[in-house]
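What follows is a set of notes on a single structure, which appears directly below.
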Amino acid sequence: MGKIYFVTGTDTGVGKTVLTSVLVRYLRDSGVKARAVKPFCSGGRDDARLLRRAQSNEPKLDDINPWHFRAPLAPVLAARMESKRVKGGQVLGFLREKAAACEVLLIEGAGGLMSPLAEGIDSRDLIAELQASPIVVCPNRLGAVNQVRLVLAALPGQRRQAARVVLMNNVRPNGVALSNPKLLSEYLRPDRLVTFPRINWPAVLTQKALPRQVRRQLQFLNLKSDSPN
Ligand SMILES: [Mg+2]
């Protein structure tokens, strides 16, 4: 079984796909057999397509994203609108199979940590069941410290120590964007917090190499040092 990282966020639209796609590309460029999946898409499969592009278009789209629904709602609701019910066991089966076939599996959730995914499960349940290491993505703006601390508090207790936090910078980081990491560092180990620069995404995925600034930040996440799940 490979190491499992679960990319979640403080909200929807905060940069989970940006981070997951760049991260899988970074690991693959470093010679790690890494895979990225997004089990649930609702309202289009663009995220899954971008993850596919970040993996040299190798995996089939259905192997990245087996469950997809038309309505742009929480997946559990979007599924019910199509009279479909997805069970937790199916989702865990899919994710365990993928983790067994690689060294590092990156799972992108859908919405924020506690957005319902399927019948009776959210990202928190998957993190606990898979003993995954959470990566919490949050826009680096006013309010970030509160939002990050709320998500950390809501994580399964035994996985909280393994959590990483990634603050996504705006085009022009202002004063609060500089003070957020400082304040958060009072609550997190230094190798658990990274500020991610604004990048030309998704164009960056097709470039020959990721920008050095990006690689340096991802290195700080120290993903290879985690003990196996
Ligand atoms: Mg996304």
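Keep in mind that the numbers below use all heavy atoms, side chains included, and drop hydrogens, waters and symmetry copies. Values in this document were obtained by computation on a predicted structure and should not be read as measured data. Ligands are counted one by one from 1 in listed order, and the atoms in each one are counted from 1 as well.
For residues 196-207, the set of pairs meeting the side chain to side chain donor-acceptor pair (under 3.5 Å) definition, not counting sequence neighbours, comprises S21-W201.
Salt-bridge annotation for E108 and K38: present, with a side-chain N of the basic residue lying under 4.0 Å from a carboxylate O of the acidic one. Taking a cutoff of 4.0 Å between a charged side-chain nitrogen and a carboxylate oxygen, D63 and R52 do not qualify as a salt bridge.
Excluding waters, the set of protein N/O/S atoms under 2.8 Å from the Mg ion (ligand 1) reads T17 OG1, D47 OD2, E108 OE2.
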Open item on the list: Using salt bridge (Lys or Arg N to Asp or Glu O under 4.0 Å), reason through K60 and D62 one step at a time and then give a plain yes or no.
Closed with: CA-CA 5 Å; K60 289 183 194 143; D62 284 347; over 6 Å; no
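Residue L51 shares its hydrophobic cluster (ILVMFWY side chains chained together at separations under 4.5 Å) with I64.
By the side chain to side chain contact (heavy atoms under 4.5 Å, CB included) test, Q213 is found to be paired with P197, residues two or more places apart in sequence or in another chain being considered.
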